[in-house]
There are 2 protein chains.
Amino acid sequence: MRGSGHSVDSIVDAALSLLDEIGLPDLSMRRVAGALGVQPSALYWHVENKQTLLAALADRIVGEAAAGASVPDAARALRAALLAHRDGAEVVVSTAALGLGSGSLEGRLRDAYAAAGSADAARDATVLAQFLLGHCYLVQQRMQAAAIGAYDATPGEVAASTEADFEAGLAALTGAP
Amino acid sequence: MRGSGHSVDSIVDAALSLLDEIGLPDLSMRRVAGALGVQPSALYWHVENKQTLLAALADRIVGEAAAGASVPDAARALRAALLAHRDGAEVVVSTAALGLGSGSLEGRLRDAYAAAGSADAARDATVLAQFLLGHCYLVQQRMQAAAIGAYDATPGEVAASTEADFEAGLAALTGAP
DNA sequence: ACCTGAACACCGTTCAAGT
DNA sequence: ACCTGAACACCGTTCAAGT
């Protein structure tokens, strides 16, 4: 902090817009450094390694989504947050076990279930998080495949049928529409 | 075929046992070549690139699991197949959109739903596949984190509580125990 | 037909050294 | 405190050349 060259926040900023431009497979430490006009080694002053940078990116992607909402609305808000950035689901899911990334996401759902008086908020949240992450991951994979032309539908068609898939799963897992 | 040096099957064999040994992050084309006693470039005679090798690996992991079973048994068999190999879920999920990898898995579930007289077997299969893949991916991530010690449970504890999570989600998505 | 050898354009990370 | 420069040990992939 305090006007110095770069903070961890500015690195996450750069990484996030680079993610939207080029996608996760091409998101290298060297590219992030390049976007900041700095040597790759400079990043390691602010960030321990690539894994922790991705975890910070995951936290930023999840953001404040779903705070204080009902279970279905929390799930919808988290879905929207993941789908808002290219490969957002893969970033979040890949750091989910670190507690860092998605203690966040699963925790958010746990709060929603607890507020709704669930008898086992922890299990309910785990199950819904697994569906939510699997859903978003596969949706984004399919959208990318559709963009490349390797899939038999346009990105628009994928987006539409995909939301109905989500609502179907959500209704089944939460017990009602 | 025909007694030549290596087939694509022998490459998948080597890749699969290497996967169990070292995990997906360390599974490089160069390591696979090394395990076969061959130069890395030799692999490209049999296989187009790493992505298609991973797709073939995914097909091998899914195998014949769940053929002709009821929906819940198909789901359980597929779960067991993914969990049987280190990072199995990540391999399968990462190639799921290619039709190559998990036209397989999702198709298997679609067949089971269709045989059970589902009104929308395609959607039901998509939703269950998303849960199944998200579940297995997160379970394996958690088991690995537990093995490293970065997680607050032993691998055994993770495996146990995890199966109950799966049955809870499965019951909700299929409508009954 | 199948493989080697060498090369190309990359990686993540470390660490002395500069300022 | 923060960054550069150079290095280390790797990647996936291509392609001429060998057999």
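Here is how names work: the chains are called A, B, and so on, in the same order as the sequence lines, proteins then strands, and each is numbered from 1.
What separates CD of B:E48 from C1' of D:dT14 is a distance of 13 Å, to the nearest Å. Atom C1' of nucleotide D:dT13 and atom CD of B:Q39 are separated by 14 Å, given to the nearest angstrom. Regarding B:Y44, its OH atom lies at a distance of 18 Å from the P atom of C:dG5, rounded to whole Å.
Between A:H135 and A:F166, the ring planes are tilted. Angles from 30° to 60° get that label.
Taking CZ of B:R31 as the start and CG of B:L19 as the end, the distance is 12.0 Å to the nearest 0.5 Å. Note that CG of A:L132 is 6.5 Å distant from CG of A:L109, once rounded to the nearest 0.5 Å.
For A:H46, a side-chain nitrogen or oxygen approaches OP1 or OP2 of D:dC3 to under 4.0 Å. Considering only side-chain N and O atoms, A:W45 lies under 4.0 angstrom from the phosphate OP1 or OP2 of D:dC2.
A:R76 has a carboxylate O that lies under 4.0 Å from a charged side-chain N of A:E167, or vice versa, which qualifies the two as a salt bridge. Under 4.0 Å is where a charged nitrogen must lie from a carboxylate oxygen, and between B:E106 and B:R123 no such pair does.
Among the nucleotides C:dT4, C:dA7, C:dG12, the one closest to any side-chain atom of B:A42 is C:dT4. Nearest to the side chain of B:S28, among D:dC11, C:dG12, C:dT13, sits D:dC11. Checked against C:dC3, D:dG12, C:dG12, the side chain of A:K50 finds its nearest nucleotide in C:dG12. Between D:dG12, D:dA7, C:dG5, one nucleotide has an atom nearer to the side chain of B:M29 than all others, and that is D:dG12.
Donor-acceptor pairing under 3.5 Å, judged by distance alone, is present between the side chain of A:S41 and the base of D:dG5.
Nucleotides D:dA9 and C:dA9 place their P atoms 23 Å apart, quoted to the nearest Å.
Both distances falling under 3.5 Å, in either a Watson-Crick or a G-U wobble arrangement, place C:dA1 opposite D:dT19. Across all strands shown, D:dT14 forms a Watson-Crick or G-U wobble pair, both distances under 3.5 Å, with C:dA6.
DNA chain C is contacted by both B:R30 and B:P40; B:P40 maps to the nucleotide lying nearer its 5′ end (nearest heavy atom per residue).
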